[in-house]
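Structure record follows, encoded as structure tokens.
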Amino acid sequence: QVQLVESGGGSVQTGDSLRLSCTSSGRTLSNFAVGWFRQAPGKEREFVSVISYSGGRTYYAGSVEGRFTISRDNAKNTVSLQMNSLKPEDTAVYYCAVREATIDHGRYYPEDYDFWGQGTQVTVSS
């Protein structure tokens, strides 16, 4: 089992930045590919970004490409999501999730992931 904890959410204005962090207990994040998803009220949970075990591969949803950057520091057991140029449509609960298998054949769907955090709220106002 692994427990994930997200942090760094908050309420900001359009154009501002936030940095989300995900850390684990039970097992270290170096054992997993790590993804970020988000869920807005009344909407399905959607893929935001994922990073491979080593950090050598990253993928982004088109809606955040160029604005968000995912990174990992396995020595600090942390995966971060730097979110710049935030928009009101980025408002959601953001979840960290981990996948034991590689991301070669599964990375974009919630069912591709094995463990989830409780989420952190991000609210962007205009």
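Given the structure is predicted, the values throughout are model-derived calculations rather than measurements.
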Test item: Thr58 and Val50 side chains (from C-beta on) under 4.5 Å apart, heavy atoms | no

May I ask you to test the Trp116-Phe37 pair for a side-chain heavy-atom distance under 4.5 Å?
->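 Counting from C-beta outward, Trp116 and Phe37 do come under 4.5 Å.
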
Do other residues, nucleotides or ligands put more than 12 heavy atoms under 6.0 Å from Tyr109 OH?
-> no

Any chance CD of Glu44 has more than 12 other-residue heavy atoms, nucleotides or ligands included, within less than 6.0 Å?
-> no

Closest heavy-atom contact between Val93 and Gly119?
-> CG1-CA, 3.8 Å

Treating Ile, Leu, Val, Met, Phe, Trp and Tyr as nodes and any side-chain heavy-atom pair under 4.5 angstrom as an edge, say whether Val79 and Ile103 lie in one connected cluster.
->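 Cluster IDs for Val79 and Ile103 differ.
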
Same apolar cluster: Val98 and Tyr113, side chain cutoff 4.5 Å = no

Going through the checks in order, is the ring-ring contact (aromatic ring centres under 6.0 Å, His included) test met by Phe47 and Trp36?
-> CA-CA 7 Å; Phe47 170 79; Trp36 287 95; over 10 Å; no

For residues 8-16, which side-chain donor-acceptor pairs fall under 3.5 Å, sequence neighbours excluded?
unit_1 : atom_1 : unit_2 : atom_2 : d
Gln13  : NE2    : Ser125 : OG     : 3.3
Thr14  : OG1    : Ser125 : O      : 3.1
Asp16  : OD2    : Gln13  : N      : 3.0

Looking at Tyr95, does the NZ or CZ of Arg38 lie under 6.0 angstrom from its six-membered ring centre and within 45 degrees of the ring axis?
-> no

[X] and [Y]: side-chain donor and acceptor closer than 3.5 Å?
X	Y	value
Ser24	Asn77	yes
Thr78	Asp73	no
Thr123	Gln121	yes

Take the angle between the ring planes of Phe68 and Tyr94 and call it parallel below 30°, perpendicular above 60°, tilted in between.
-> tilted

In the hydrophobic clustering that connects Ile, Leu, Val, Met, Phe, Trp and Tyr at side-chain heavy-atom distances below 4.5 Å, which members other than Val5 occupy its cluster, ordered by chain and number?
->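 None; Val5 is a cluster of one.
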
